Visitor: 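Quick one: the structure is below, and I'll ask about it shortly.
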Number of protein chains: 2
Amino acid sequence: MSNPTLHDVAQAAGVSYATADRVINNRGNVAQKSIDKVREAVTRLDYVRNVAAANLSRKRVYRIAFLIPKGTNAFFNRIRDHITQVAAHLSAESVSVDIYEVSAFSVEGLSDSIADFRQKDFDGVAIVGLQSNVIEEPLADLRARGIKVIGLVSDLPRDFREAYIGIDNVVAGRTAARMTGMAHAGGRGAIQTFVGSLDARDHAERLEGFREVIAADFPKLTVLDPILTKDDPSILQAETDRLLAQQTDVTALYNVGAGNSGLISAISAKPAQRPYCVVHELVAHSRQALIAGQIDLVIDQRPDVEINRAFAVLRALIDQRETPAMPELTPTIYVRDNLPADPLNEPMKDQNT
Amino acid sequence: MSNPTLHDVAQAAGVSYATADRVINNRGNVAQKSIDKVREAVTRLDYVRNVAAANLSRKRVYRIAFLIPKGTNAFFNRIRDHITQVAAHLSAESVSVDIYEVSAFSVEGLSDSIADFRQKDFDGVAIVGLQSNVIEEPLADLRARGIKVIGLVSDLPRDFREAYIGIDNVVAGRTAARMTGMAHAGGRGAIQTFVGSLDARDHAERLEGFREVIAADFPKLTVLDPILTKDDPSILQAETDRLLAQQTDVTALYNVGAGNSGLISAISAKPAQRPYCVVHELVAHSRQALIAGQIDLVIDQRPDVEINRAFAVLRALIDQRETPAMPELTPTIYVRDNLPADPLNEPMKDQNT
DNA sequence: AGAAATATGATGGACGTCAATCATTTTCTG
DNA sequence: CAGAAAATGATTGACGTCCATCATATTTCT
């Protein structure tokens, strides 16, 4: 009926409870012969340790930290909010969550923050990463202490983390391109792209994916060289203004990076005959612009899904379990019709009615 | 440091552990005065019952059942697979899962199956529902026995279930329309729609949403009256064949219901100049057709997300907790570029590398 | 006031695991 | 073959809750 206990396993293996316990907890001082007997009994009886009982016994608390870029970036605010929400519920399952902020895009700052974790005694850390070998050493140090590290949203050097939770940005760019291409219905066109910085790996990857698809499947479209924006709304606004004023043959805009509020305000100033507009990340202003018909498409990476996944993966890593089946992460396409409920305006609606 | 225990609460309230226990478990025979003292202490100390310990103590097993239409429908196979996968991991948290199959679309069959649950002693049931007052009585009966019921994918009469987990089909239809509309880039067109049956509520809702958006925002497009298909691939194939042969001015196809394999094989037979094609549900053949460029868009309801949500909601209901923060459910748009990994071909890739 | 009803306190055995101790047995080594 | 080292068995007290029992207080009613 109910699951076998370690007592059952010990009995089946013909050893004492103590020995079985020594085996499954790797306490050492046990003969290979006994190890084999216990292992065999475990698989035969299909024993799985009762995590609830185990955690209860050892008063285990999962200490999990998130390391997230500082600042008022709407996207990371959304991430923070969701972490906080999930954490509130997870405290009942004895996982404690801390969020640390680190100055954005600074390798040194990130490196220092990671190094700080050495003292802090966490079980697992999710880090919005950067690609730089400067951070490899502190990461290796965390691993040496048994702290599980995963990359979130933006990956870490892959040999220095257990997993990456985030979308594939090449795929995101390809998706944007597919949609933009389709929206031309076989006609000709030119697409103006914007990037924050080509040094930012995610931006470069998106652009790369975008170009791939347009080149392969939409030969009548041209991808114009990207305008550099530093993710600064005012630059985006100015550049978009200029573009709309000079009556070009641009048929679509694709902003690879952030700073959408600038783009949006430029567009809403001249609503007539605007080009097809695709941006990334669903936040308050992109959502609002979608509803108002100022932009056409938002490619979103579903930070809520990412956070849930991050927690699940970290807990599995800490417990040395397999990761449970979870929704996959895929760039999500939003138009004005399939927007999720706005959590700020309709908190906790939860489909119950 | 760690959370307060019931002992702490009792002490803080100035009563014995037994009394505190009587209060929080509503065992009765306790003076109002004591109830108040305990309640006050609970909020003051921010006590939350340690669910792990509680479940351990009472050897609690969450018994959860799913009631799903029988048959080889690819979509429900996907649902079944995901339930099985999740269940495998949940058994470690002492939830047992049973899947029952019921003859599809039969109100009587569904009603009987629901009635059968009376004997079966479940804590919660997720049902792929129908709208019919025939099933109200057996549902009311389940509720009377304290069994939590939620609607899955297709709703139940709303007063007889605790929650609905599924997409809004009007939204799904609107989304399909938005995408189809955009793909015409302002040009003229006519859209041929297909439905399984207009009595099926989800089909009717999708069509309704579709028409709404086309009428409101794409005046140059016409929505042709739907062809009835009974979700039968062979009918879809024949009708699509006929359509493609007679050189009409149809610029897009939208299949509201199932039976896509028929539509796809008709299209792949005449690949030249096919219309824009939108279908529902990502399954093996629609996925393959998307990759092969035989169709353009799949609107998916993410059954994996739904299942995860269903489990979370049921457990919360059973424990009388709040539902934890989870990803929202929204019709998802797939093009060939943003497809999730195919679990059949690349099992458990899990983004770890 | 006394009996009956109701409230409270005290306690202890589950639940399954962890972590420790101590005694005993087996195996190895010289 | 003795002595040391290694392996095993047996047992026990947490962890926090549930649930039951029994004894004692306190209130309520007549």
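The shown structure was predicted, so the numbers you read here are calculated from the model rather than taken from an experiment. A, B, ... follow the sequence lines: proteins, then strands. Residue 1 opens every chain.
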Visitor: Under 4.0 Å: is that the gap between some side-chain N or O of B:Ser34 and OP1 or OP2 of C:dA7?
Guide: no

Visitor: Quick check: on DNA chain D, is the nucleotide nearest B:Lys33 upstream (toward 5') of the one nearest B:Ala53, or the reverse? Name the residue that is more 5'.
Guide: B:Ala53

Visitor: Tell me what A:Val51 touches on the nucleic acid: a base, only sugar-phosphate, or nothing, going by heavy atoms under 4.0 Å.
Guide: nothing

Visitor: Of all the heavy-atom pairs spanning B:Arg161 and B:Gly151, show the shortest one and how long it is.
Guide: CB-N, 4.3 Å

Visitor: I want to verify a distance call: between D:dT17, D:dA7, C:dT17, whose nearest atom is closest to the A:Asn50 side chain?
Guide: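 When the side chain of A:Asn50 is considered, C:dT17 is the closest of D:dT17, D:dA7, C:dT17.
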
Visitor: Can you tell me the distance, in whole Å, between the CG atom of B:Asn3 and the C1' atom of D:dT17?
Guide: 14 Å

Visitor: If I compare all heavy atoms of A:Leu6 with all of A:Asp21, which pair ends up nearest, and what's the gap?
Guide: CD2-CA, 3.9 Å

Visitor: When all nucleic acid strands are considered with a 4.0 Å heavy-atom cut-off, which category describes A:Ile35: base, sugar-phosphate, or nothing?
Guide: nothing

Visitor: May I have the distance from B:Glu93 (atom CD) to C:dG16 (atom P), rounded to whole angstrom?
Guide: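 That distance rounds to 17 Å.
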
Visitor: Tell me what A:Ala31 touches on the nucleic acid: a base, only sugar-phosphate, or nothing, going by heavy atoms under 4.0 Å.
Guide: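 Touches sugar-phosphate only.
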
Visitor: Would you indicate, yes or no, if D:dA14 has its OP1 or OP2 atom less than 4.0 angstrom from a side-chain nitrogen or oxygen of A:Ser57?
Guide: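 It does not, given that no N or O in the side chain of A:Ser57 lies less than 4.0 Å from OP1 or OP2 of D:dA14.
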
Visitor: Does a side-chain N or O from B:Ser16 land closer than 4.0 Å to OP1 or OP2 of C:dT8, or not?
Guide: no

Visitor: Do A:Arg60 and A:Tyr62 meet the cation-pi criteria used here (NZ or CZ under 6.0 Å from the six-membered ring centre, within 45° of the axis)?
Guide: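 That pair qualifies as a cation-pi contact.
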
Visitor: Starting at CG of A:Asn29 and ending at C1' of C:dA20, how long is that distance when rounded to a whole Å?
Guide: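 One finds 14 Å between C1' of C:dA20 and CG of A:Asn29, rounded.
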
Visitor: Distance check: side-chain N/O of B:Lys59 vs OP1/OP2 of C:dA14, anything under 4.0 Å?
Guide: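 Answer no for this pair, as no side-chain N or O of B:Lys59 is under 4.0 Å from OP1 or OP2.
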
Visitor: Using only side-chain N and O atoms of A:Arg27, determine if any of them is under 4.0 Å from OP1 or OP2 of D:dA7.
Guide: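 Answer is no, no contact under 4.0 Å.
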
Visitor: Would you mind reading off the distance between A:Asn55 atom CG and C:dC18 atom C1', rounded to a whole angstrom?
Guide: 11 Å

Visitor: Starting at the 5' end of DNA chain C, which residue's closest nucleotide do you reach first, A:Asp21 or B:Tyr17?
Guide: B:Tyr17

Visitor: Roughly, in whole Å, what's the span from CD in A:Gln11 to P in D:dG9?
Guide: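 Rounded to the whole Å, the gap is 12 Å.
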
Visitor: Rounded to whole angstroms, how far apart are CG on A:Asp319 and P on C:dT17?
Guide: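 Whole-Å distance recorded here is 14 Å.
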
Visitor: Flag the pair B:Arg315 and B:Asp319 as a salt bridge only when some basic side-chain nitrogen lies within less than 4.0 angstrom of an acidic carboxylate oxygen.
Guide: no

Visitor: C:dT8, D:dT17, C:dT17: which one has an atom nearest the side-chain heavy atoms of B:Val30?
Guide: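 Of C:dT8, D:dT17, C:dT17, C:dT8 is nearest to the side chain of B:Val30.
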
Visitor: Name the closest nucleotide to the A:Leu56 side chain, picking from C:dC18, D:dC15, C:dT8.
Guide: D:dC15

Visitor: For residues A:Gly166 and A:Glu306, report the shortest heavy-atom separation together with the two atoms involved.
Guide: CA-OE2, 3.4 Å

Visitor: Is the B:Phe76 to B:Phe66 ring centre distance short of 6.0 Å?
Guide: no

Visitor: Nearest nucleotide by nearest heavy atom, which residue falls closer to the 5' end of DNA chain C, A:Arg22 or A:His7?
Guide: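 Looking at DNA chain C, the more 5' nearest nucleotide goes with A:His7.
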
Visitor: Provide, to the nearest angstrom, the distance between the CG atom belonging to B:Asn26 and the C1' atom belonging to D:dC18.
Guide: 14 Å

Visitor: How close or far is atom C1' of D:dG9 from atom CG of A:Leu6, stated in whole angstroms?
Guide: 14 Å

Visitor: For C:dT17, take OP1 and OP2 only and decide whether either is under 4.0 Å from a side-chain N or O of A:Arg60.
Guide: no

Visitor: Checking all strands, does B:Asn25 fall into the base, sugar-phosphate, or nothing category for heavy-atom contacts under 4.0 angstrom?
Guide: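 The residue B:Asn25 makes sugar-phosphate contact but no base contact.
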
